[in-house]
Protein chains: 2
Amino acid sequence: MNEAVSVDLARLRRSCANCSLQQLCLPAGIGVDALARLEAIVRRPRTLRRGERLYRIGDPLGAVYVASSGAFKTASLSESGEEQVTGFHLPGELIGLDGLGEGAHRCEAVALVDSHVCEVPLERLTAVALQLPGLHEQLLRVIGRSMDRDHLHTDLLVRRQAHERLALFLLGLSERYAQIGQSAREFRLPMSREEVARYLGLALETVSRGLTRMQEDGVLAVHGRRVEVLDREALSALAHGREGCAEADPGKRRQA
Amino acid sequence: MNEAVSVDLARLRRSCANCSLQQLCLPAGIGVDALARLEAIVRRPRTLRRGERLYRIGDPLGAVYVASSGAFKTASLSESGEEQVTGFHLPGELIGLDGLGEGAHRCEAVALVDSHVCEVPLERLTAVALQLPGLHEQLLRVIGRSMDRDHLHTDLLVRRQAHERLALFLLGLSERYAQIGQSAREFRLPMSREEVARYLGLALETVSRGLTRMQEDGVLAVHGRRVEVLDREALSALAHGREGCAEADPGKRRQA
DNA sequence: CGGTGATTTGAAATCAGTCAAGGATCGTGG
DNA sequence: CCACGATCCTTGACTGATTTCAAATCACCG
């Protein structure tokens with residue numbers, strides 16, 4: 001199934017109308033005429049290799065982006081010079097809204113794996129949106145969804161237990177993979193342990209130990225960046241601070 | 001000075017044109033004609049007493065709000081039923097954007113002290129924005145600024161040291177007070193220690209201890225909710241993980 | 001088949017959380 | 001104006017989790 005989707009995406013369909021992400025992307029819910037207008041301003045998918053930057057900190061905000069395949073991270077630099085990972089972006093999720101406030105990007109966006117992105121010049125987008133109320137509303141909705149994802153991130157971060165954050169993170173990723181038609185049960189993390197750590201506000205060793213622990217508990221199977229969710233219930237319980245559930249079952253854990 | 005501002009705001013000026021927050025609010029930078037259109041749809045300031053709710057979780061998203069005086073918090077409920085404080089809102093800062101994604105509020109907004117808010121019905125706002133490109137851009141800019149504040153919040157939360165989070169929080173608050181013409185050096189926290197803790201992802205005792213410690217170090221003077229910044233440099237150093245600066249000076253701290 | 005970076009693992013030290021009181025403060029009503 | 005109660009805030013001692021530092025192992029690329 002992953003294969004199928006991947007091949008499909010790789011084909012780089014020429015129009016939004018044929019894009020398998022249409023339901024998630026800007027076009028969601030707008031009419032055919034509006035879709036045509038939108039298509040006219042979207043730059044055709046661009047390829048980025050693993051490690052390439054979509055934009056850098058300080059770049060003027062000129063466009064928003066949606067990956068059609070691959071994965072991105074956005075990251076900012078703290079004053080002490082450390083990288084802060086502010087988000088991970090899967091296909092269909094808007095990238096580039098940072099710096100809507102100041103007109104320049106406060107983050108950089110980096111491809112975590114080879115990826116394809118559609119670029120939507122902001123100027124033209126707003127011009128069209130002004131003429132098409134439907135697109136305007138859709139734009140606000142998409143921005144809102146992006147804020148919702150940010151909110152989920154802060155939701156992670158206020159958790160004080162490392163394994164809660166980790167479980168919530170994995171659960172969220174799993175759901176997002178499901179949304180783009182990939183398996184929610186088994187997937188490959190596009191980011192390193194260190195990037196996960198910087199996203200979760202943890203030390204990278206803590207992330208590693210957390211994964212090991214969940215594996216010992218039979219919640220996950222982990223092989224490098226390959227993750228398989230063995231017990232979704234338990235994962236969900238961990239995520240919501242009710243680890244007692246798994247703990248109540250003796251024998252599942254190696255030796256506590 | 002605080003007195004003066006407070007009295008001034010209490011007068012509840014009748015129009016955006018005369019509002020002392022004009023530079024920060026939706027009207028910032030739009031023309032006189034646009035301002036008139038905007039004024040026409042803004043509901044006159046409403047009074048909320050300390051503890052009153054502007055909206056509740058699940059309420060359909062009908063309007064956005066800007067306080068002209070006072071202070072608000074927005075908070076959501078985690079699945080375990082605990083309150084998560086997602087933001088504090090001072091005069092001039094937009095409230096109510098949560099739930100732009102789903103059309104219903106995911107947070108509740110509560111007045112922390114007696115406050116006045118202007119209400120801008122979203123439907124009418126977008127209708128007017130479609131006719132006035134300037135207002136549309138301004139709307140995006142204001143939304144962007146709101147996202148910037150959220151981003152600052154996650155910036156706090158990825159910090160692993162409690163005193164970094166606290167210092168950054170106070171610094172940010174101080175700057176925001178300065179923006180609305182109040183003292184950046186001395187102010188009164190509108191929220192409880194517990195609310196600060198829930199915002200910073202810390203235990204309330206840790207917040208209290210942190211404030212005590214900064215007081216002992218001569219960085220702050222704290223009397224209940226009254227905070228005076230004695231050494232802005234040191235506070236900034238703490239915020240950015242360079243506490244070595246303060247520490248290098250022996251004698252400033254009580255007994256280390 | 002090395003080599004280089006990523007990941008895991010270990011052990012010690014630190015830091016923050018929890019539980020439990022003791023004080024301070026604020027608003028209210030007398 | 002003062003007393004009272006409720007809430008908020010501070011403090012202490014202890015425990016547990018997470019960070020740090022260090023080293024070993026693994027995985028992938030050329």
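Letters go in sequence order (proteins before strands), and every chain restarts at 1.
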Rounded to whole Å, CZ of A:Arg193 lies from C1' of D:dT25 at a distance of 14 Å
Query raised in the report: With distance as the sole criterion, do the side chain of B:Glu195 and the base of D:dC8 form a donor-acceptor contact below 3.5 Å?
Result: no
Between A:Arg225 and B:Arg188, whichever has its closest DNA chain C nucleotide further toward 5' is A:Arg225
Quick one: does any side-chain atom of A:Glu195 pair with a main-chain N or O of A:Ser192 as donor and acceptor, under 3.5 Å? yes
Taken to the nearest whole Å, CZ/B:Arg165 to C1'/C:dA16 is 10 Å
Quiz prompt | Parallel, tilted or perpendicular, as decided by the 30° and 60° cut-offs, for the rings of B:Phe169 and B:Tyr199 | solution = tilted
The residue, A:Leu204 or B:Arg50, whose nearest nucleotide of DNA chain C is more 5′ is A:Leu204
key: Carboxylate-amine/guanidinium proximity below 4.0 Å for B:Glu52 and B:Arg46   = no
With a 3.5 Å distance limit and no angle check, can you tell me whether A:Ser174 reaches the backbone of A:Leu170 through a side-chain donor-acceptor pair? no
So, OP1 or OP2 of C:dA16: does either fall under 4.0 Å of a side-chain N or O from B:Thr206? no
Separation of C:dC15 atom C1' from B:Glu164 atom CD, nearest Å, is 13 Å
Quiz prompt | Short N-O contact, B:Asp114 and B:Arg50, less than 4.0 angstrom | solution = no
Rounded to whole Å, CD of A:Glu205 lies from P of C:dA12 at a distance of 17 Å
When rounded to whole Å, the CG to P distance for the pair B:Leu202 and D:dA17 reads 18 Å
- Query: Are any of B:Gln161's side-chain N or O atoms less than 4.0 Å away from OP1 or OP2 of C:dA16?
  - Reply: yes
Testing D:dA17, C:dT18, D:dT20 for proximity to the side chain of B:Ala203, the answer is C:dT18
From CZ of B:Arg159 across to P of C:dC15 the rounded distance in Å is 17 Å
If you look at every strand shown and take non-hydrogen atoms under 4.0 Å, does A:Ser208 touch a base, only sugar-phosphate, or nothing? base
Atom CZ of A:Arg209 and atom P of C:dG10 are separated, to the nearest Å, by 9 Å
note: B:Arg226, atom CZ; C:dT25, atom P; distance rounded to Å ~ 14 Å
